[in-house]
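Because the structure is a prediction, the values reported are computed rather than measured.
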Amino acid sequence: MQASVNWDPVDQTVLADEQIDDEGRSWRSGAIAEKRFLNQWYIRTTAYAKSLLEGLDTVASELWRDVVDVQRNWIGQCEGCRFNLAVKGLGEDDSLSVFTKSAEAVFGISHVVLPSSHRYNSPQYYKEGGKQHPTYRQLVLNAVHPFTQKEVPVLVAMDTGDTEADTVLTDCVLGIPALSSHDMEVAEYFQFPWQPVYVGNQEEETLINSEQFTGLGTEEAREAIMAAARELGCGGHPVSSHLRDWLISRQRYWGTPIPIIHCPKCKAVPVPLDDLPVELPDCTTPGHSALKENTEWLNTTCPKCGGQATRETDTMDTFVDSSWYFLRYLDNKNTHLPVASHIADWYMPVDLYIGGKEHAYLHLYYARFVNHFLSDEGFTSHREPFETLLTQGMVKGESFKVARTGVYLTADKVERKGKQCFEKDTGEKVIVRFEKMSKSKHNGVDPEDLFAEFGADMTRLCILSNVAPKSERNWNNDVYVGVQKWLHRVWTLVGTLVEPVARQPEVSHDTISQWDSSICEFRNKYLLEIRYHLDHSFLFNTAISRMHEFTSDLKRVPSDVAVHSEEFRRSVRDLVVLVAPSAPMFALECWAALQKAGIADKVKVFI
């Protein structure tokens, strides 16, 4: 299908609408996307718009809330449907996807209107002669009515340059005079035939002149006509006006080949199931052009007529693969099916999905669609694939951009003078800000450098401390100081038990009992809170903050009490165990020391 697509000038490939941000930039390269008309392949995700929207009501986890809001807004209210109308007059197959909120009035169509941005708004398609309307131009093309198969004239809404206009047409729409006085005026101006389709008052209208749907009430007719369109394969799925199908064509070598064969006689023919999968050829210099030039792989025979044909050279968006990998993991030895239904039913849904929040309308949206589809096909009984979410916020690095040119610099080429920064070589002013880490912006941080300077345990704790996982963070190394001080305090607590002061003053039994009671109380409080944040809220930063407080309370216990208190020993052991998931090597050292002093069991107890 030829359509207006988003073209990434850097990656030299098209992108789905979901892969373009609010500023019109590519999700991968950051380049401003361009508009081009190309033949592309789509997956009809709009057929599942209502299912995906309703599925959000079944997700109970509080952690889904932000993602639910994003996806509700992306999908929109399914208050209408689309009809796919074939186009006559081109000499080739094409169709128009037309949105309407009034599917029941489809038998009252007089014309179809295209926006000025449509690819058919070109002099080569303008109809010569006839009436010239100030804002509409008739085309030589006709659309085919999805039910009557009659030809319907097509108009394009010309851009008049009137910036004060109330609305600007951005989609293909149906002209229905029975619904709109404006459509009636246009139809009468061009002398397009039309017929009324409603009878009665607005509270109780029924259909007329609508073939087998005549006599039905408006709501009943709408549902019946949409169902009939679905049966005919020409649309009819409930959808919002702005949602589009998933554009999966990518002009690059890597990715899954689109299993289509192009035959001069039979047109686009699916590769037979027995011939799947289609495998990419080995290329010394892989690229999209390499597929077109590899005649041995490109040329094949048509599965229908046996004549000469060629393979589709576009590959699928890699999100197609990542949208069902979790199912394949469950049954990766299966050579006949993606996953056996009994295995999927046993393991699904996924207990916890961890990923970036930017995937809310990328991977999460596509994965939900694929799982809904596979559920309808009987592969799994769970429509929603993920039970609980942990969406990670973006880690941003400090970037340096020349104000005049927009060129990004490495940190070593920047000179700081007070609160301002300048390029060393030119003296030009430099804009300093935190942005998503990117090679092109020179603001990434190499983990290997951090491991070499601070160690893996400290780095892991720095990542988990201070900021909640779902929040964005501006990366800097200042947090290492606090983490280092805390680990030192934990180590001194262990040292209190492992190497106690030789001579400790006598402490009464009552004093020890009072401290044991206090230690037991705050120990239980911290364990309850920390476990909740580790297991349920996933606020690891809050859990670590509570460990800091736990450490501080233990530090307040007098050393002469600590060496005699069983509750103190138990609390120190518990603290080391709590630290272990975030700083395993440090915790192992602590545990080994406690074990050597006879205060802890063998290491395998807590690993």
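Between the S289 side chain and the G287 main chain, no donor and acceptor come within less than 3.5 Å of each other. No side-chain donor-acceptor contact under 3.5 Å links T380 to the backbone of S375. In this structure, H242 contributes its side chain and W74 its backbone to a donor-acceptor pair below 3.5 Å. Judged purely by atom type and a 3.5 angstrom limit, T315 uses its side chain to pair as donor or acceptor with the backbone of W254. No side-chain donor-acceptor contact under 3.5 Å links R230 to the backbone of G235. At least one donor-acceptor pair closer than 3.5 Å links the side chain of D21 to the backbone N or O of E23. In this structure, T58 contributes its side chain and G55 its backbone to a donor-acceptor pair below 3.5 Å. Distance alone, capped at 3.5 Å, places no donor-acceptor pair between the R383 side chain and the N371 backbone. Between the side chain of Q251 and the backbone N or O of V14 there is at least one donor-acceptor pair closer than 3.5 Å. Proximity of a side-chain donor or acceptor of S29 to a complementary backbone N or O of S26 within less than 3.5 Å is not detected.
Side-chain contact check for W297 versus T313: some heavy-atom pair is nearer than 4.5 Å. Contact annotation: the side chain of M158 never approaches that of H133 to less than 4.5 Å [non-hydrogen atoms, C-beta and beyond]. Between T100 and V106 the shortest side-chain heavy-atom distance does not fall below 4.5 Å. Taking the side chain as every heavy atom from C-beta outward, Q392 and I354 approach each other to under 4.5 Å. Side-chain contact check for P303 versus I261: some heavy-atom pair is nearer than 4.5 Å. Between P270 and P272, every side-chain heavy-atom pair lies at or beyond the 4.5 Å cut-off. At a threshold of 4.5 Å between non-hydrogen side-chain atoms, the residues C81 and P238 do not count as touching. In this structure, the side chains of L174 and F83 come closer than 4.5 Å at one or more pairs of heavy atoms.
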(request) Would you check, one step at a time, whether the test salt bridge (charged side-chain N to carboxylate O under 4.0 Å, His left out) holds for E79 with K101? (result) CA-CA 6 Å; E79 55 190 1; K101 291 183 179 180; 3.4 Å; yes
(request) Could you walk me through whether R252 and D8 pass salt bridge (charged side-chain N to carboxylate O under 4.0 Å, His left out), step by step? (result) CA-CA 12 Å; R252 52 198 179 202; D8 186 323; over 6 Å; no
(request) Take L247 and W41 through the side chain to side chain contact (heavy atoms under 4.5 Å, CB included) test and state the conclusion after the steps. (result) CA-CA 6 Å; L247 172 60; W41 290 97; over 6 Å; no
(request) Check step by step if side chain to side chain contact (heavy atoms under 4.5 Å, CB included) holds for C78 and L53. (result) CA-CA 8 Å; C78 301; L53 189 64; 4.2 Å; yes
(message) Under the criterion side chain to side chain donor-acceptor pair (under 3.5 Å), I'd like the reasoning laid out for Y126 against Q138: C-alpha separation, chi angles, the key distance, then a yes or no.
(response) CA-CA 6 Å; Y126 294 164; Q138 187 173 359; over 6 Å; no
(request) Would you sort out whether D321 and T256 count as a side chain to side chain donor-acceptor pair (under 3.5 Å), showing the intermediate values? (result) CA-CA 8 Å; D321 297 323; T256 304; 3.0 Å; yes
(request) Could you check F213 against E104 for side chain to side chain contact (heavy atoms under 4.5 Å, CB included), going step by step and ending with a plain yes or no? (result) CA-CA 9 Å; F213 307 102; E104 76 282 356; over 6 Å; no
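Within 6.0 Å of the CG atom in N201, the count of heavy atoms belonging to other residues, nucleotides or ligands exceeds 12. No more than 12 heavy atoms of other residues, nucleotides or ligands sit less than 6.0 Å from atom CD of E279. More than 12 heavy atoms of other shown residues, nucleotides or ligands fall within 6.0 angstrom of atom NZ in K35. Residue K441 qualifies as enclosed at atom NZ: its count of foreign heavy atoms under 6.0 Å is above 12. When the shell of 6.0 Å around CD of Q212 is examined, it contains more than 12 heavy atoms from other residues, nucleotides or ligands.
For the residue pair H372/E384, the side-chain donor-acceptor check at 3.5 Å is satisfied. In this structure, a donor-acceptor pair under 3.5 Å is present between the side chains of S438 and S440.
Taking NE2 of H342 as the start and CG of L330 as the end, the distance is 11.0 Å to the nearest 0.5 Å. The OG1 atom of T318 sits 11.5 Å away from the NE2 atom of H363 when rounded to the nearest 0.5 Å. Taken to the nearest 0.5 Å, the CE atom of M348 stands 9.5 Å off from the CG atom of L374. Interatomic distance, N6 CG to I32 CD1, rounded to the nearest 0.5 Å: 11.5 Å. In this structure, the separation between CG on L298 and CD on E312 is 10.0 Å, given to the nearest 0.5 Å. Going from atom OG1 of T45 over to atom NE2 of H237 covers 11.0 Å, rounded to the nearest 0.5 Å.
In summary, R82 and D171 engage in a salt bridge, as defined by a charged side-chain N under 4.0 Å from a carboxylate O. A salt bridge links R72 to D57: at least one charged side-chain nitrogen sits closer than 4.0 Å to a carboxylate oxygen. Using a 4.0 Å cut-off between a side-chain N of Lys or Arg and a carboxylate O of Asp or Glu, R250 and D317 qualify as a salt bridge. Using a cutoff of 4.0 Å between basic side-chain nitrogens and carboxylate oxygens, E220 and R222 are not scored as salt-bridged.
Ring pair Y48/F369 is perpendicular by interplanar angle, where above 60° counts as perpendicular and below 30° as parallel. Ring pair Y125/Y120 is perpendicular by interplanar angle, where above 60° counts as perpendicular and below 30° as parallel. The aromatic rings of Y366 and W246 sit parallel to each other, their planes meeting at less than 30°, with 60° as the upper class boundary. Ring planes of Y353 and F386: tilted class, angle from 30 to 60°.
Minimum interatomic distance between A33 and I20 (heavy atoms only, all atoms of both residues): CB-CD1, 3.6 Å. Across I225 and A103, no two heavy atoms sit closer than the pair CG2-O, 3.6 Å. Counting all heavy atoms, side chain and backbone alike, P259 lies closest to M316 at CD-CE, 3.6 Å. Taking every heavy atom of both residues into account, V112 and L85 meet most closely at CG2-CD2, 3.9 Å. Across all their heavy atoms, H118 and F37 have their closest contact at C-CZ, 4.0 Å. Taking both residues in full, the closest heavy atoms of V156 and S116 are given as CG2-CA, 4.1 Å, listed atom of the first, atom of the second, then distance.
Applying side-chain contact (heavy atoms from CB on, under 4.5 Å) to V370 and the options F379, W324, F319 leaves one that passes, W324.
Sorted by first and then second residue, the pairs that involve residues 328-337 and meet side-chain hydrogen bond (donor to acceptor under 3.5 Å, both in side chains), not counting sequence neighbours, are D331-N334. Among residues at least two apart or in separate chains, side-chain hydrogen bond (donor to acceptor under 3.5 Å, both in side chains) pairs with a member in residues 178-197 are Y136-H182.
A ring-centre distance under 6.0 Å is not found for Y347 and H382.
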